[in-house]
Structure formats: C-alpha cells, structure tokens
Amino acid sequence: MGILIDGDTKVICQGLTGATATRLSERAIAYGTKMVGGVVPGKGGQSHLHLPIFNTVAEAAKETQPDASAIFVPPVTAAAAMIEAIEAEIPLVICVTERVPVLDMVRVKSALEGSSTRLIGPNSQGVITPDVCKIGVMPERPHTPGRVGIVSRSATLNYEAVDQTTTVHLGQSTSVGIGGDPVYGMSFIDCLELFFADDATEGVILIGEIGGTAEEEAAAFLKSASSTKPVVAYVAGINAPTDRRMGHAGTVDVFGEGNVTAKIEALDTAGAIIAPSAADMGTTMRKALGGR
Amino acid sequence: MGILIDGDTKVICQGLTGATATRLSERAIAYGTKMVGGVVPGKGGQSHLHLPIFNTVAEAAKETQPDASAIFVPPVTAAAAMIEAIEAEIPLVICVTERVPVLDMVRVKSALEGSSTRLIGPNSQGVITPDVCKIGVMPERPHTPGRVGIVSRSATLNYEAVDQTTTVHLGQSTSVGIGGDPVYGMSFIDCLELFFADDATEGVILIGEIGGTAEEEAAAFLKSASSTKPVVAYVAGINAPTDRRMGHAGTVDVFGEGNVTAKIEALDTAGAIIAPSAADMGTTMRKALGGR
Amino acid sequence: MNLHEYQAKELLKTYGMPVPPGIAASTPDEADKAAATLGGTAWVVKAQVHAGGRGRAGGVKIVKSSKAAGEAAASMLGTRLVTAQTGALGIEVKRVYVEQACEVAKEIYLAALVDRSIGRVAFLASSEGGEDIEEAAAAAPDKIHKLVIDPKTGLNDTDAKALAADLGLSGETADAVATAMAAVYKAFLENDASLIEINPLAVTEAGDLFALDVKMIVDDNAIYRHPEFEKLWDEAEVSAEEIEAHRHELNYVPMDGNIGVMVTGAGLALAILDMLKDQGGEAANFMDVRPVATREQVAAGIKMLLANAKVKAILVVTIGGGVLRCDTIAEGIAIACKEAGNHVPMIVRAAGTGKELAELALNNQGVQVTYATDLAEAAQLAIIAAGGT
Amino acid sequence: MNLHEYQAKELLKTYGMPVPPGIAASTPDEADKAAATLGGTAWVVKAQVHAGGRGRAGGVKIVKSSKAAGEAAASMLGTRLVTAQTGALGIEVKRVYVEQACEVAKEIYLAALVDRSIGRVAFLASSEGGEDIEEAAAAAPDKIHKLVIDPKTGLNDTDAKALAADLGLSGETADAVATAMAAVYKAFLENDASLIEINPLAVTEAGDLFALDVKMIVDDNAIYRHPEFEKLWDEAEVSAEEIEAHRHELNYVPMDGNIGVMVTGAGLALAILDMLKDQGGEAANFMDVRPVATREQVAAGIKMLLANAKVKAILVVTIGGGVLRCDTIAEGIAIACKEAGNHVPMIVRAAGTGKELAELALNNQGVQVTYATDLAEAAQLAIIAAGGT
C-alpha cells in the first residue's frame, strides 16, 4: 500500500488560505486526500475549502487528529511552522516551502531530535501514493498505481522517473520528494527502509544530485541492508559547471562531498543499479524487475 | 477508435472567450483535444488560450480547417451560430447551449437539409472518446477507454452509464450526448449506425426518456439492423409525474408519443436488452458482453 | 408557458381568427355584468384553468340569462376544478370567461404544433372535433390529418385547402379554414408557440368559423423575445411552492409520496422516481436542478422540501460535471439546513466533480447526512429513512 | 552571496576577531595612499575577487613601500584574475585590499560551516593552514579536526579549547583561539552565514592571532533578514548576463559549449548537461527556472541565450507540475522570440501540466520549434541542431 501515507491519512494544511495552498489542496481533495483542516494564525474559526481553520497546529491536532500536516507558508515563517507541527506531535510533516534559511533548518532539525515526527522537506514537492493520497505540489498526471518506490532530491527528476515508470507500465507505489536543501528531514535511508518493508514496492528508484553526502550515506546503508529489492540510482551533475567557486565548494571537497563520480561509485559498489542517464531510469528498473 | 472524433480531430470553439467556454476548452486541450481556434464576432485577430480568434466561422474554417466546432454561446445566438457553422460546412457541430427556442431549431434543422454537417445537440453535454478527445462539458472522470458506446438524451444518466461501465471494467469507446430538446441534430439511429460500424465498440448503451418518438424510431431501426452488437436500453420516466397537463401532452398522446412503457416495449421487441433500472446499465452490458 | 383561453383568443383575434365575443370575470357579479354587456340570449361560462377536460368536470356551463351567468361563475370561482388532466387536487378557479354562445353545425379539430420527429411545424386536423378528440384519435387514427410545413416556403394555401378538403369541407368554408390556418401559422411563428390547439373550431349553419376553445403554449425558452407574456404568468393559479421553485429556476412538480427528491438533471431525476417506485417508495416531488444553479437556488429547493410536512426523508442525487459541481449542491444543502433545520433524514449520493469537496462541506457545516455509493443504494436508503415500504 | 575579504573582515572585527589594519582601494593611487595611511613597513595588496587560489595566481603581493603598493594595485586592477576556481575566463579585478603585513609564526585553518549530513553548524580546524589546505586535507584527512555544535547549547568554551589543543596550541594562544571561535560562531548565527573560513588564522611569534584571509558566504535565502548585505551585492564583479539572470531570478552559470539550455528544476538541468555531454554535446550554460517564475522571467532567460553568439541551438526542457505550467515557459519563449528573433533552432521538450497549451502557444505565436518526446531525444536533437557532435 505504499509508504508514509494511505487512504486514511488525515491531513491538515498550514497556510491553507494562500492561493497556491488553496488550489493544490482543492486538487488533493479531489484526488482523494482526506483533508481535515487548516492552520492559519488569526483566522481560527473560519472555514476555507469547507475545512475548519484553526489558529494553531495544537488546536487543529486536538480537534481533527491529523496524521500529517502539509506546510504551505512563506519562507519567513516556515521554520516556526515546522517546529509548531513537531511540538504538536504531528506524525508526518511535509514542508513544500522553498528557500528556507539553512540556519532555520538547523533549529528545526534540533526540534526533531527525540520527537516522533517525520519531517519531509523543506523544498519538497511532497509525497504521493497514486490514486490514493497526494500531499504536495506534484501534478496528478502521469502518476499510476504500481510497483516502484521513488525517492528524490529533485522534484523535476522525480516527475521524470514517474513519467518513465508509468510509460514502462510499472507505476509507482509511493513517490517521495525529500527536497534538495542542505539541511532537511527524512533522508534517502529513511525512505529506503520504509520501501524495503513495503509489500507494494518491488524496487526503488533513488535520485540524487551533486552536493552533500546523502548518496554516500545511502550507499553505506544499502551495503548493509538485507533487502533484495533492486535499487536503481541516478545522480545528476557529473558534468555540472564548477562555477566560480569560493571557499564553500573547496571546503566541501575537504570532506569529499559533492563529487558525483564518488557518489555513483559508492552506490554502484553498494549494489545499486546505476541508470546510464536520466532518460533511462524507467527502462533500467523495468529490466531490474525482469521485464524487457 | 470510437465514433465521430479521434486524436486528429481539429476543433474550433464558437464563443471561446466566455468563462465556461474558456475553462472547459482549457481542460479539453489538457485532455488532448486538438483545439485550433475560436470564433467570437468582434474579437477577430485576438488570441485566447493561445488560440487565434476569428470573427466568423468561415474565416476560421479557411485558416484552420477544423473538423468540428463546439458551440458555447448564449441561447439568443445559438441558432445563428449553428447555421453559420453549417454554412461553413464544418463536418461536426456540437452545440452545448441549453434553452434554445424550439422554432430556432426548426430553422437550424432546415439549414441542415442537404448539408454534409452532422449536428449534435443543442443541450448536448458533448462527445468524448476517453483519453483521446473530448468536446463538451462532461467531466474527465470517470471516463475510461473501452468497449461500450453510449448515446443518451440525458447528460446525467450518461455520466451514470459512464461511471457504471468504468466500474465493471468495460470502459467506453465513445460517449455521445444527443441532448434532450424536442428538435435536435443527430439521433439515436445516426449514432447506432456509427457504433455498429465501429471496431472499438462491442456494445451500445442507449438512454432515452419520456417524450418524443426517438426511442420508437431507434427500435424500428434496430429491428432491421444486421449488427449483432448488444444494445442495452434504459428509458427514464415510467413513473414520471403526469403534471397538470394542458393541450400539449394530450396532443402528444394523439401520436402515442411520450409513453415510456411503449418505448420500452418497442425496444424490447426490437431486440434491445432492457436495463431493469438506471443503476443496472453497466452490469446489464457486462452480462450482455459475456461477463459476470 | 400556458396561455388561458381568453388570453389566447385575444391574441389570435389580432391575427384575424374569428372568435365569439367574450369577457373575463373574477367575480359572479362581473360575470353577470359581462353577459349583459356582451348581449345576446345565451352565454357560455368557462373556468379559466390550465387543464383540458373542463367540460366533463363542470367547468363549462351554458346559461340563458346574465343572472344565470353570475350563478354559474359563483359555482366555479374559488372551487378546485378536478379534470382528467389536473391530478386529484385539481386547480383553483380564479377567473371565468363569459362568451356569447353560438350555434354549431360541425366541430373541427385544428392544431399547430412542433413535430419533434421531423423538426418542423405541423398542422393536425380532424373533422371529429370536440372534447373527446384524444379518444377519437386513438380509436381511429386515420381520421387525423397532418400537414407538415417546410420552414423555407411556409404554409402553402393549396396545401391548406387540401387539408380542409380532407375534413370534408368545401367552398367558402374550406377557404375560411385555409385562412384560419394561415392566421394560426403566423401567430405560431411570431409568438414562439409550441402549440396552438383550436378544439372545437366551430362551423355554424351559415358556414362561418369560430374558434370556440383555444389552448396555446408558448415556448418557455423563447419568452425572452416576448416580454408581454411574462406579465401573463398566472401566479395566482399555481401553488406558492411552485412560484418559489420557478423563482429559483428549479424544475419542480409536486407529487404524492413522502420522499423529497432533488436531482441534478431531468433524466436522472426521472430515473430516481422510477427506482423509488420500483423499490416500493414514492417521491413527494420531482425536482431538477440546472447545471448553472447557484447554491442559493439549491438552498431554496431544499428548504421547500424541508417545509413540506409530507416529506419524511430527503434524497439528493447529484453527478458533478464540467459545469455543475457537487459542492455547490452541498453548500446549498448546508445553507438550507442552517436556516430550516435538519429534521428529516437526508440521503446524499454525490459523484463526479466536487464529490469530495461536497462531503467536506457537509461535514464541516455539521449537516447530518447518510451517503449512498450508488443509485440503487440511494433509493433504498431513502425509502428506509422515510419509514420503509 | 559571497562577501569580499575586506567586507568579511570588517564584519568579523565588530565581533572582536583580530584582523590586521587594512583599507580597500579601487585605483593605484588609492592603494598608495592607503598604505601611507595605514603606516608600517610592509603591506599586502590583495585582489578582491570571489575566488580562492589568489596567491598562486598573482593576486596577492607583498610590498615594502606605498609606491610599490600602488604599483601592485596597478598590476591587478582591470586585469582578469584566473585562479583554479575561476574558470578560464577569470574574474576582472575591480578592487584591491591593502593591509599591514604581519609576521607569522604559524598558520592555522579555522572554518565554521553548516554540516549538511547532520544539520548542525560545525567548526573545522587544522594546524596546517594556508593556501594548500584542500590538498593537505586530502592527503592527511586526520589533520582536520571537527567540532559539531548543538544548537540548543551553543559553542561550549571547553570544547573550543579542546579543539585548540588538537591544533597543538596551549596557554593564552589556545584561549585566544577559543575566543575567536566564539566570535565566529556569534557572527555566523547573527549573519546567517553558511561559511566563515579563516585561512590562514595567523599566530604571531608573540602568540597573538590575526585573521589574515577570510571567506564568508551568507545564505541567499536569509538575505531578507539582512538588508545591509543586499547593498554589498557586487554587481561590478559579475558579467552583465549574470546580473541580468539574477535580476530575473534565474539560476544561471555560463559554460563553454554551444547549446543554450533552459530547464525547469536544478536536478533536471544537471541531468540535461550530463546527457548532452554523454552524447558528445556541450552546453553553453546552466539555467534553472524556478517553479514560481513568470513568463517575463522566462523571456529574459531565453533572450540571454538568443543574445549569446556562441549559442547555435537552444534546448528548453520543462516538466509542468502543480505550480509551474509548461505554457508559462512557452509564453516566455514566444515573447523572447518576438523581441529578439527566432534565429537559432529551438528544441522543446514539454511534459506534464500545461504541455498542450504550451504547444498551442508556440504554434499560435508562429514560433518555430522542434518538439522532443523524451529527454534522450531532446538532447540528441539539440546536439544535431547545434551542428552535430
């Protein structure tokens, strides 16, 4: 039945009354997502999209017992919104906000410690279990219920993987965007663990990119994992412009971070099947699952 | 591949700039319908939904060679729009306008004589070949590509038949709303002929209602038709309120018109399979096609 | 819309159709005076209701004095006339028409209507006119003569005379019938009629014609071209709830059962009535909501159902399409329940566009409803909620 | 955004970090005067460009007179400094920094940054500071010491001193390093830095500390909290097209190939560059369009590509999602072509939301494009259009 969300997942939206949140929540509802409320400070007691609005996540949690919160607020209040959701013990928090300051995320990451909340994002396109539940900004098309789990740092490469797995008639169990920001919630590893334990998922497509060490960590995890499900990996940026680098990229190099070749090697060595290009994610998985 | 429309059908919209026309044309385009232009007197030369606007159907026909025109204009100009499209020799004209005066339709019907145009409607919800082309106001959901042709005088009963054939995994080849008005374009018979000749259509659901003699005429046609495709019929209104009748209904009775029992008997005798109720159209067709 | 006999006659007279002198009256006294004003020795007093079959039901009386005219009017005005076409409740008589009686040698049936099967205006005529035309026609359909008019050429005098000949008429009478047909055809087109029925068209011993009774229906969809008809909308004759329904663009017909029904789409509404009946239930009404309905219009419709003491359960069936959304219906239900209470069980079957938003709306507004997943279940639940079969 | 050395030093000084006296200069004359004003017997003249590796590239000179300072400035100002981090074109030097030279006994590396893998601020330090830190670290990673800061407790003085001890320091020098770390940490948090790198952090014979070079990056996403940094945005250093890109919120980096690329989404953009390279092509740039982009921003991006004489073909790849629609991209393309011409082949691969409207838009505007159905085909067509591999 996919990971993280299902047909019974009750969802609130922080920032529901915003234009994008309104449009996308309306579409999520039409898609089948069980929206139960919204949180907009100062608008408590009102109603929007036929959903009750609360001033705080705590109130919304008390009245609607949500399983998840979708955060659609501006960057300036995103960290506070995430921390509020974490403190209200919302099991799953999905933050689609782009451009959240990294030191704000350091505080959010700290708030996550010892909490039972799973945070996805920020800068996530969301999570979708096709035809069952969708939280985030991804389009409905061309998602199809199916066999492949997808986890990606890049939203558009994720859509590409969705399109390809639909085209080769594999479909998706669940597709997760963990976001491309430096500091973020759930990792590749967290998602791989869930996908490996999920009956509906027969294989996982993992999409990384230049920067950070998330792919290397995923590789280390894969090496020790007992799952036999195939993992197809693609890492973007092997020919990325070096840019005019200052200290940062240099410092990154101190740790060996950000080197795509190294990421690919690590994943390859760990047993992942490397997709030759971004156009081959679907066909590579198709072969890995025994198709032609 | 269904009847009347396909993936190559080029469509113009008369009245494109109206709010409903805009919304539905945008959705039609996203659905795959090949829209090529709009006709809005006085707005020629402008552009709307990225489509060129023409002052007249004749200009639009010259510039875009449309296969079909969708008419989304108010009742007051609907007849003129239909006649204009007929005179411009648009092969297929679909008029969704409701409440067109009946004497206007007498004039339209007269304009149709000797023309090669096929008119659908007025007061039609349109025509859809699922996942290929959609012209009209019907929703996308729950249409699914499939085996059953649907032709109906009632839009909502048509949607019901779509829902049911999707639920029983038959899907639709093409669904046509011929409209519930007294005087209209294509008849049940016209559509049955096309469905019988269509490879994709394995059976036809015909949905009639009280009033007129269209069902009786369809029955007479069926009796003489050589097709072996099953036709499932449902006729609504057997328990319709008699209303407080004045002359009209009485006069109708002079012709034996409008009697649902007679319609059902005629269709039954002609070999149609009568659906026991509006809830049974899908399952009845399923059985007729050899399913359980 | 239906025109009253006196309104139709007044209109046809302007096109040259001969009609007997007559005056409408709303009180017995007015009827008395009308007869006196008209002069003559015999009058016909006729209840002005929108239903056929008045004669047999006592809605047409011949009187020989103005006093008797007043008495005939008194016997009709304020009573509910029940004819074969009114339903059991009948229609209250608010007005009578007092007309000079004329001697009749022959009663002809003549009607112009839109022939649906060919999409043209047609004349129907029979030499056997009178109250029993429908039965007569059923018994001997070959006695009904038909003339279909090509809209490009209009009514042809030769064809009209041929029809008159078919009725057994000749000479000046046949010419008069042809002239009358021309008048009817012109009136038909110019007034967007969907029916003009003259029955009987009387032929006097002298060979003169008189339209003795006229039924005329004007196309509702063309009323915008005839603002003069809007004024004739006879609100006095229809029930308060029908006026309310008309005001909110709801297609509403009261019925005899206990299940209040609101459906989006006339065809589906008819199907629901059939399903209720099949399963042993009975609708309290027919109510069809147009795709362009607003939530306020929906609310008005639901309030009508809630206000009806006969209604023991309400069944709402909606399929959202590209124009109408289920949540519009839901919002209307919520508004109605907030204003008029939620005191009868409400069964809702929503499908298609806006289904999920509809459920949210009802839930959020605290409106108690039972959801049905398909039509059969919807009908069944409504019947059970209304007290079973 | 990157701060220049002199900007970063000025800022750190306010937090108590010891830095040598220095003055920025835009002309040789100013540099001469700066040395005189600063006083002393030796100065360092440093090109102020946003790139590491200046020393080896001739961007750092030690002078012994104010005249020599002016001459050193003259040798740098207006030239393009090419370092290991600038790419072949280098960066034009618009400003130099003249600083008192100080005697150095030991060069330490000290940096604060956000450790992505654990989501915390961390200090990195090495006793082997200087220009070659990256190579040194690669050769002997154990010489890099790391201290991760728990945001709840902040930088602990004991931990800071322990790090100093790891660097082989003790006594007052170790205390001074701990104090400097506290200053850096405070500056880091208060200015939303993502990096503050002091290399070298000099220890004088007397045991005093000086930050000899500072690289500081401020989090672009937090600039709204620091309007003072907006003013420091050094437009003079970047190319006109980069300024243009920044103004239109386009993520743009010039490259060396002949295929102009615009992609919606950074990950997908990187993937396209990889696919072009794999198939023997070469992108002229990296350009990522944000989901909230307007058609005007897209048009500005396409115009930049059209204006680039190197560009022989343009490849636009877009996947419409719940926010960005393909037709917004198409409208932008059409606007750009209308204003700047449609003189190079344009390959478009549109998928997802608004794909069909995008094709209509381009068609209706008469913009000649070749459509690709998938990424591989898109890359291939672009390479062929640009002249083959």
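Given the structure is predicted, the values throughout are model-derived calculations rather than measurements.
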Work out which heavy atom in [X] is nearest to a heavy atom in [Y]; give both atom names and the distance.
{"X": "C:A271", "Y": "B:A278", "value": "CB-CB, 3.5 Å"}
{"X": "C:L268", "Y": "B:S154", "value": "N-OG, 3.9 Å"}
{"X": "B:A236", "Y": "C:L270", "value": "CB-CB, 3.7 Å"}
{"X": "B:G237", "Y": "C:D274", "value": "N-OD2, 2.8 Å"}
{"X": "C:S117", "Y": "B:T213", "value": "CB-OG1, 3.4 Å"}

Salt bridge present between [X] and [Y] (N-O < 4.0 angstrom):
{"X": "C:E356", "Y": "B:R141", "answer": "yes"}
{"X": "B:D104", "Y": "C:R225", "answer": "yes"}
{"X": "C:R116", "Y": "B:E217", "answer": "no"}

Proximity breakdown for [X] and chain B, heavy-atom pairs closer than 4.5 Å:
{"X": "C:D192", "answer": "both"}
{"X": "C:A193", "answer": "backbone"}
{"X": "C:R349", "answer": "side chain"}

Which one wins on heavy-atom pair count under 4.5 Å against chain B: C:V323, C:V263, C:T318?
C:V323
Among the options C:D220, C:L189, C:D278, pick out the one with the most heavy-atom pairs lying under 4.5 Å from chain B.
C:L189
Has the side chain of B:R153 got a donor or acceptor atom that lies under 3.5 Å from a matching backbone atom of C:G267?
no
Check step by step if side chain to side chain contact (heavy atoms under 4.5 Å, CB included) holds for C:N221 and B:V100.
CA-CA 6 Å; C:N221 292 341; B:V100 179; 6.0 Å; no
Please list, in residue-number order, every residue in residues 105-115 of chain B that has a heavy atom less than 4.5 Å from any heavy atom of chain C; write 'none' if there are none.
B:V106, B:K109, B:S110, B:E113
Heavy-atom cut-off 4.5 Å, strictly under: side chain, backbone, both or neither for [X] against chain C?
{"X": "B:E160", "value": "both"}
{"X": "B:P182", "value": "both"}
{"X": "B:Y234", "value": "side chain"}
{"X": "B:I238", "value": "both"}
{"X": "B:V162", "value": "neither"}

Report all side-chain donor-acceptor pairs from residues 73-80 of chain B shorter than 3.5 Å, counting only partners two or more places apart or in another chain.
from	atom 1	to	atom 2	distance (Å)
B:T77	OG1	B:P74	O	3.4

Would you find more than 12 non-hydrogen atoms of other residues, nucleotides or ligands less than 6.0 Å from B:R27 atom CZ?
yes
Any chance you could lay out the side chain to side chain contact (heavy atoms under 4.5 Å, CB included) test for C:D219 and B:L103, step after step, and finish with the verdict?
CA-CA 9 Å; C:D219 183 0; B:L103 287 183; over 6 Å; no
Take C:K355 and B:D163, measure what salt bridge (charged side-chain N to carboxylate O under 4.0 Å, His left out) needs, and give me the verdict at the end.
CA-CA 13 Å; C:K355 166 193 192 298; B:D163 195 33; over 6 Å; no
I need the C:M255 CE to B:N239 CG distance, nearest 0.5 Å.
7.5 Å
CE on B:M281 to CG on C:L375, rounded to 0.5 Å:
7.5 Å
With chain C, which of B:E98, B:E140, B:M138, B:Q164 has the greatest number of heavy-atom pairs at distances under 4.5 Å?
B:E98
